[in-house]
Amino acid sequence: MKILISADMEGATGVTWPADVLPGTPQWERCRSMFTSDVNAAVLGFFDGGADEVVVNEAHWTMRNLLLERLDERTEMLTGRHKPLSMVEGVQHGDVDGIAFVGYHAGAGMEGVLAHTYLANQITGVWLNDVRASEGLLNARVVAEYGVPVVLVTGDDVACEDALGYAPGAPKVAVKDHVSRYAAVCRTPSRTASDIRAAARTGAALAVRHEPVDAGPFTVAVEFDAEHLAAACTVVPGVARVAERRISYTHTTMYEAIRTFKAVTTIASAAVEEQYG
């Protein structure tokens, strides 16, 4: 049994504000340890549950945040940016039996601690076939095309509630309770590590590959906080401006849809000019 862990940071234990996840800040350096603790707890739990192999895909910002030296020696970590499937890179090779979303968060325009979708601020909402979408939902639809079930979700309580829509049967661990975008009631790392390890052990039993799900076509709509970002994204083939601050595109597979989304967010990020966005 092979488990892939997609590890994001905004939903990690103790994280509540931007400096906690911004590489290079003192707070980020401190929170890296708690982020690593969450991921390692999942690794241990999956091995407890019978996994033969666990691979961690770093999925936050620079994708160089986890402390490799603190992970269980049986695991391996994929670190660094510019991966074909970004947050779920590795799922496409046909040997993954289950995937865990660790440190996930709510989507842009939703309640939730540091809620966003790919970009920290410029995106105000994403919809997949008219359903408001988080990174969890988008990634769950991608992995379903490869026959891989989501077997664990951790994050704040809002992220866990969101996961009921895309992974209803997967164990979920709320490491903190949302108060505002920048505040939460947090559990201690020792407590969350215990909870995550137990949930991963349970989730391992769900790591059974299924037939690939062909649910297309997929229409993705993205709304930005400034009209020029929507205009900039129309250079991507197939992307059309459908409102002053909104673009849309349709693909037959989620693989194509998520790769176009990656291109759209890269262009939008590059089109931001300091304070005026």
Side-chain angles (χ1 to χ4, degrees), residues 5-44 55-72 75-83 86-89 100-108 110-123 134-136 139 153-160 173-193 195-196 225 262 265-266 268-270 272 274-275 277:
I5 296 176
S6 173
D8 204 359
M9 194 172 184
E10 285 87 358
T13 295
V15 168
T16 61
W17 71 311
D20 292 343
V21 296
L22 184 61
T25 68
Q27 278 298 110
W28 168 78
E29 199 65 64
R30 169 178 169 264
C31 289
R32 294 176 74 192
S33 177
M34 291 187 283
F35 179 31
T36 303
S37 174
D38 285 2
V39 171
N40 201 45
V43 169
L44 293 171
V55 176
V56 178
N57 177 29
E58 254 265 31
H60 174 69
W61 204 294
T62 59
M63 300 183 178
R64 297 179 182 278
N65 308 275
L66 288 170
L67 301 171
L68 176 64
E69 60 272 26
R70 296 192 188 179
L71 295 180
D72 184 274
T75 196
E76 294 180 334
M77 183 172 74
L78 170 58
T79 185
R81 298 176 62 192
H82 311 304
K83 296 170 286 194
S86 191
M87 298 182 76
V88 294
E89 174 64 25
F101 295 165
V102 174
Y104 270 46
H105 50 82
M110 303 178 185
E111 289 190 335
V113 178
L114 297 178
H116 69 285
T117 306
Y118 272 59
L119 302 183
N121 288 306
Q122 289 77 31
I123 292 176
S134 63
E135 292 169 9
N139 290 332
V153 179
T154 79
D156 70 1
D157 58 326
V158 181
C160 291
V173 178
V175 301
K176 56 199 172 193
D177 294 332
H178 162 264
V179 174
S180 75
R181 195 178 189 207
Y182 306 120
V185 178
C186 298
R187 263 71 89 187
T188 63
S190 60
R191 178 177 168 187
T192 58
D195 291 346
I196 292 171
D225 64 357
K262 183 179 178 182
T265 55
T266 298
S269 180
V272 173
E274 299 182 1
Q275 291 92 340

K.L.:
What closest approach, in Å, do A159 and A106 show between heavy atoms, and which atom pair accounts for it?
P.N.:
CB-N, 4.1 Å
K.L.:
Enter the distance from D38:CG to I196:CD1 here, rounded to the nearest 0.5 Å.
P.N.:
3.5 Å
K.L.:
I would like to know whether V173 and T192 meet side chain to side chain contact (heavy atoms under 4.5 Å, CB included); could you show each step before the answer?
P.N.:
CA-CA 8 Å; V173 178; T192 58; 5.6 Å; no
K.L.:
As a quick check of understanding, evaluate side chain to side chain contact (heavy atoms under 4.5 Å, CB included) for R187 and T13, giving each step before the final call.
P.N.:
CA-CA 7 Å; R187 263 71 89 187; T13 295; 5.9 Å; no
K.L.:
Which distance, rounded to the nearest 0.5 Å, do you find between the CG of L78 and the NZ of K83?
P.N.:
4.5 Å
K.L.:
State, to 0.1 Å, how close A268 and L119 come at their nearest heavy-atom pair, and which atoms those are.
P.N.:
CB-CD1, 4.0 Å
K.L.:
L67 vs F35, test: side chain to side chain contact (heavy atoms under 4.5 Å, CB included). Steps then yes/no.
P.N.:
CA-CA 9 Å; L67 301 171; F35 179 31; over 6 Å; no
K.L.:
Under the 3.5 angstrom rule, does the side chain of N40 hit a backbone N or O of T36 as a donor-acceptor pair?
P.N.:
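The answer is no, because no donor-acceptor pair under 3.5 Å joins these two groups.
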K.L.:
What residues form a side-chain contact (heavy atoms from CB on, under 4.5 Å) with A193, not counting sequence neighbours?
P.N.:
S37, A41
K.L.:
With rounding to the nearest 0.5 Å, note down the distance linking CZ in R181 to NE2 in H105.
P.N.:
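So the CZ of R181 and the NE2 of H105 are separated by 10.0 Å.
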K.L.:
Pick from E76, E58, M77: which one makes a side-chain contact (heavy atoms from CB on, under 4.5 Å) with L68?
P.N.:
M77
K.L.:
Please lay out, stage by stage, how R81 and R64 fare under the test side chain to side chain contact (heavy atoms under 4.5 Å, CB included).
P.N.:
CA-CA 8 Å; R81 298 176 62 192; R64 297 179 182 278; 6.0 Å; no
K.L.:
Okay, side chain of K176, backbone of A12: is any donor-acceptor separation there less than 3.5 Å?
P.N.:
yes
K.L.:
Quick check: does any side chain N or O of N57 sit under 3.5 Å from a backbone N or O of M87, one acting as donor and the other as acceptor?
P.N.:
yes
K.L.:
Nearest 0.5 angstrom please: S86 OG to N139 CG, how far?
P.N.:
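Here the rounded value is 7.5 Å.
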K.L.:
For E29, does the CD atom sit with more than 12 other heavy atoms under 6.0 Å from it, leaving out its own atoms?
P.N.:
yes
K.L.:
So do T79 and L66 actually touch side chain to side chain, heavy atoms under 4.5 Å?
P.N.:
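The answer is no; the side chains never approach within 4.5 Å.
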K.L.:
So does T265 get a backbone contact from the side chain of S269, meaning a donor-acceptor N/O pair under 3.5 Å?
P.N.:
no
K.L.:
Nearest 0.5 Å, please: how far is OG in S134 from OH in Y118?
P.N.:
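Spacing of OH (Y118) from OG (S134) equals 11.0 Å.
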K.L.:
Checking the side chain of D177 only, and the main-chain atoms of D157 only, is there a donor and an acceptor separated by less than 3.5 Å?
P.N.:
no
K.L.:
With rounding to the nearest 0.5 angstrom, report the CE to CG distance, M63 to D8.
P.N.:
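Here the interatomic distance stands at 8.0 Å.
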K.L.:
Compare every heavy atom of T25 with every heavy atom of A19, then report the nearest pair and how far apart it is.
P.N.:
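So the two residues come closest at O-OG1, 2.6 Å.
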K.L.:
Any idea which heavy atoms bring D156 and A174 closest together, and the distance?
P.N.:
C-CB, 4.2 Å
K.L.:
Counting only heavy atoms not in Q27 (residues, nucleotides, ligands), do more than 12 fall under 6.0 Å from its CD?
P.N.:
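Correct, the count exceeds 12.
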K.L.:
With no hydrogens and no angle check, do the side chains of S6 and Y104 hold a donor and an acceptor under 3.5 Å apart?
P.N.:
yes
K.L.:
Who are the side-chain contact (heavy atoms from CB on, under 4.5 Å) partners of V21, not counting sequence neighbours?
P.N.:
M9, E10, V15, H60, L114
K.L.:
Of all heavy-atom pairs between A108 and T117, which one has the smallest distance, and what is that distance?
P.N.:
N-OG1, 2.9 Å
